[in-house]
Amino acid sequence: MPLKIIFYPAISLDGYIAKSNGDSDWVTDEDEQIFAEEVARAGCVIVGRRTFEQYKGKIYPMANATTFVCTSHKKVTQDYPADQVVRVSGDVEDIVKQIESRGFTSAILSGGGDTNSWFAIAGLIDEMIVSVYPKMLGAGIGLFGRWDHERGHFPIEVQLNLTLLNTRQLGDGVVQHRYKVIN
Ligand SMILES: NC(=O)c1ccc[n+]([C@@H]2O[C@H](COP(=O)([O-])OP(=O)(O)OC[C@H]3O[C@@H](n4cnc5c(N)ncnc54)[C@H](OP(=O)(O)O)[C@@H]3O)[C@@H](O)[C@H]2O)c1
């Protein structure tokens, strides 16, 4: 069965997943709990190397799930048990095959902006659960983007067409939408 990828970002109202310094400390405990439940249901989560390094020992590795870390560097994951943290690399199509070969049929994608954009451009995102926070940042790390030593983070053009499946209000003014991606 092909891997179903569910993209789960937490964004400011103007579409940033973190401040310029990489902080996304505004994410609520309730949202983190729902995220953990979705990851446990899927059985695995896909993250980029910078996200993994920022949250290792805090969020990752996650209990009851395998964390797939996209990175070209072997040392990033070498200190973890192979059933908890797995390094994946190459084209995103290859990464999907590496995850499928371990028996997974669904995965949660949780960025950051660089990793998100590779999966989105390849048309590999099936659903999206987005938590929209009542705040504007004006600048920061976008939902989709790349990091460049000279320019810092810059946005990448991505087009996803979505159908709304449901919307619910969480605490603290957070609104969570669930969409199906139609391409
Ligand atoms: N609010 C949210 O929902 C949320 C969720 C997650 C993350 N974040 C934030 O996002 C920020 C990090 O985002 P980011 O865009 O800077 O980085 P990122 O996407 O976390 O990591 C980028 C790295 O992932 C690796 N990578 C991506 N695609 C790959 C591929 N196909 N093959 C091999 N390696 C691949 C590369 O690592 P190597 O250089 O090692 O090859 C690349 O440098 C953090 O500030 C974090 O807090 C926010």
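Indexing begins at 1, ligand by ligand and atom by atom, following the structure's order. This structure is a prediction, so every number in the text was calculated from the model and none was measured.
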Test log, rule side chain to side chain donor-acceptor pair (under 3.5 Å), inputs Y8 and Q176: CA-CA 10 Å; Y8 192 129; Q176 190 173 69; 2.9 Å; yes
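Around atom CD of E157, no more than 12 heavy atoms belonging to other residues, nucleotides or ligands sit under 6.0 Å away.
Seen from the ring of F104, R102 does not count as a face-on cation partner, given the 6.0 Å and 45° thresholds.
Using a 4.5 Å heavy-atom cutoff, the side chains of V96 and I99 are not in contact.
Remark: aromatic rings of Y80 and F52 are close, center separation under 6.0 Å.
Within 4.0 Å of ligand 1, counting heavy atoms only, the contacting residues are P9, A10, I17, A18, G22, S24, G48, R49, R50, T51, Q54, Y55, C70, T71, S72, H73, S89, G90, I95, S110, G111, G112, G113, D114, T115, W118, I141, H153.
For A42, the side-chain contact (heavy atoms from CB on, under 4.5 Å) test picks out S106, I108, with sequence neighbours left out.
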